[in-house]
Number of protein chains: 2
Amino acid sequence: MSHMVYSCLMAVDRDHVLRSAAALLTRRATATMDEVARAAGISRATLHRQFAGRDALVRALESLGIAECEAALDAARLDEGPARDAVHRLVREIEPAAGLLAFLYTENQLFEGDGQNTGWTRIDDRIAALFRRGQESGEFRIDLTPAWLTEALYGLLASAAWAVSEGRVAAKDFTRMTVELLLGGALRRDEPRRDEPRHDEPRREES
Amino acid sequence: MSHMVYSCLMAVDRDHVLRSAAALLTRRATATMDEVARAAGISRATLHRQFAGRDALVRALESLGIAECEAALDAARLDEGPARDAVHRLVREIEPAAGLLAFLYTENQLFEGDGQNTGWTRIDDRIAALFRRGQESGEFRIDLTPAWLTEALYGLLASAAWAVSEGRVAAKDFTRMTVELLLGGALRRDEPRRDEPRHDEPRREES
DNA sequence: ACCATGTGAGACATCTTTGTCTCATCAAAG
DNA sequence: CTTTGATGAGACAAAGATGTCTCACATGGT
């Protein structure tokens, strides 16, 4: 009967170790297995018992990132409502995983092998499809390709995660900053009149 | 005297080695000194004669990146004309260095030491000042902080460099894609012709 | 022809990280 | 209490990267 307890504890520990490793490797991508172990509060031996090696750890992190991305994509219901709202939901859902994404995004080593590649392309396709839907519905401009918008979303997520971790941006502004820049850009949308208290919200014409 | 020829050739070789190293390390940040040497067409011994070690090489790359950034900032004349045009000039000037920037951006190892830090903060300040100027002139929206706009510019440059190197975006579209997204965002700016009434755009009174 | 200098090739020791091992300890289930 | 199993600590060798060295070769100036 200890098997149930065993596997349960293992799963919890495994997840905790993965989270800790993600948090550490996001900051220092070259961290040692020993550092990863200490960051997770376990010994290097136990770390090795759960993940055969550094390669397996990174692969597991990649799987975790893919799973969280897909979960965020599902939770965001990209097919419902206006595309811009779907983008907003997507960024909000994916925010907790942004740090991990940023790490995996720079771990170009993964793209040499072919293993997990299909997982990412599936995610890419779903996001690109969202942008394409927005273009076809007339919400998004058509002179920026869905592939570029997808790439830009990744870049902005990574930048935002980095900026938050560095304290340059408040954590509570993560979603708003990312979505507003991705969708609206830096330019003001109304005529540069006086310094009217223009805020981020698209207001109805208040003549 | 041979001294002139000597120093001249050394400088040329040094620059060539740095460019090659930047191009390689952009793709694989963990490349070996031996790989760097082969990529530059020289032997590991010669590489080590020019750069005392990997640390010195990365430091030199950081100096090169700072120098190219500052050169781009100067060439872009950020103080002249509309801020949006200045942003366009900046991206165009900085494009050749985007790959190197992307590498240095992820080399968080550099930020642990304090050495070159002032160089980057100077660059950050100049770019942030540009965005602030655009906000004060009414061109840019004020609900996105200059610090975040600066960070987003870095992220988009890195994303664009990566997307180009992966073939997902045409190299000739680099500047346009980056600037258009950073300034204009993904949303359409004109009023909705067909389709149902828009809910997203802050439109001017559609007569 | 002679020498100087940069270069490539390779040997070598060193250091770090990794992967595997053993052993003592501790907690929980029986 | 006993037993089972996970854990931590540490030793150990293997692998890889780095830094340093020597030596042979080529080039270019004297």
Side-chain angles (χ1 to χ4, degrees), chain A residues 1-62 103 106-110 112-113, chain B residues 1-62 103 106-110 112-113:
Chain A
M1 299 315 187
S2 66
H3 293 75
M4 263 187 73
V5 180
Y6 160 76
S7 56
C8 175
L9 284 178
M10 286 295 284
V12 168
D13 270 328
R14 179 187 162 92
D15 191 75
H16 170 243
V17 170
L18 278 178
R19 305 279 170 190
S20 305
L24 174 60
L25 292 174
T26 295
R27 295 194 304 270
R28 307 201 315 109
T30 63
T32 295
M33 290 291 278
D34 202 80
E35 297 174 283
V36 172
R38 249 196 306 271
I42 62 177
S43 70
R44 198 164 68 93
T46 303
L47 179 60
H48 258 279
R49 287 185 188 107
Q50 290 180 340
F51 302 97
R54 186 190 184 78
D55 211 49
L57 174 64
V58 176
R59 284 305 176 98
L61 282 172
E62 191 183 19
F103 163 68
T106 65
E107 198 78 349
N108 41 21
Q109 174 187 13
L110 300 173
E112 296 179 354
Chain B
M1 314 305 262
S2 65
H3 291 77
M4 264 187 71
V5 179
Y6 160 76
S7 56
C8 175
L9 284 179
M10 285 295 284
V12 167
D13 270 329
R14 179 187 163 92
D15 191 76
H16 169 243
V17 170
L18 278 178
R19 303 281 170 188
S20 305
L24 173 61
L25 291 174
T26 294
R27 294 194 304 269
R28 308 202 312 110
T30 63
T32 297
M33 290 290 278
D34 203 80
E35 296 175 283
V36 172
R38 249 197 305 273
I42 62 177
S43 70
R44 197 165 69 94
T46 303
L47 176 61
H48 213 277
R49 286 184 188 107
Q50 289 179 342
F51 302 97
R54 187 190 183 79
D55 209 51
L57 174 64
V58 175
R59 285 305 177 97
L61 282 172
E62 191 182 18
F103 163 69
T106 64
E107 198 77 352
N108 41 21
Q109 175 187 12
L110 300 173
E112 294 179 355

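By convention in this document, chain letters (A, B, ...) are assigned in the order of the sequence lines, proteins followed by strands, and residues within each chain are numbered from 1.
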Between the protein and nucleotides 19-24 of chain C, which nitrogen or oxygen pairs come in under 3.5 angstrom?
unit_1: C:dG19; atom_1: OP2; unit_2: A:Arg54; atom_2: N; d: 3.2
unit_1: C:dG19; atom_1: N7; unit_2: A:Arg44; atom_2: NH1; d: 3.1
unit_1: C:dG19; atom_1: O6; unit_2: A:Arg44; atom_2: NH2; d: 2.8

Non-neighbouring partners of B:Ala23 that pass side-chain contact (heavy atoms from CB on, under 4.5 Å), sequence neighbours left out: none

Report the residue from B:Arg28, B:Arg54, B:Arg27 that forms a salt bridge (charged side-chain N to carboxylate O under 4.0 Å, His left out) with B:Glu35. B:Arg28

So A:Met33 and A:Leu57, do their side chains get closer than 4.5 Å, heavy atoms only? yes

With side chains defined as the heavy atoms from C-beta onward, is the minimum distance between A:Phe51 and A:Arg14 less than 4.5 Å? yes

Is any side-chain nitrogen or oxygen of A:Thr32 closer than 4.0 Å to OP1 or OP2 of C:dT17? yes

From OG (B:Ser43) to NE2 (B:His48), nearest 0.5 Å: 11.5 Å

Kindly say if B:Ser43 contacts the phosphate of C:dA9, meaning a side-chain N or O under 4.0 Å from OP1 or OP2. no

Rounded off to whole Å, could you give me the CG-to-P distance for the A:Leu57 and C:dT17 pair? 16 Å

For A:Arg44, salt bridge (charged side-chain N to carboxylate O under 4.0 Å, His left out) partners two or more places apart: A:Asp34

Let me know the distance between CG of A:Leu47 and C1' of D:dG10, rounded to the nearest Å. 16 Å

Report the distance from atom CG of B:Asp34 to atom C1' of C:dA9, rounded to the nearest whole Å. 11 Å

Would you mind reading off the distance between B:Ile42 atom CD1 and C:dG10 atom P, rounded to a whole angstrom? 16 Å

A:Gln50 has an atom CD; how far is it from atom P of D:dA6, in whole Å? 11 Å

When rounded to whole Å, the CG to C1' distance for the pair A:Asp13 and D:dT7 reads 10 Å

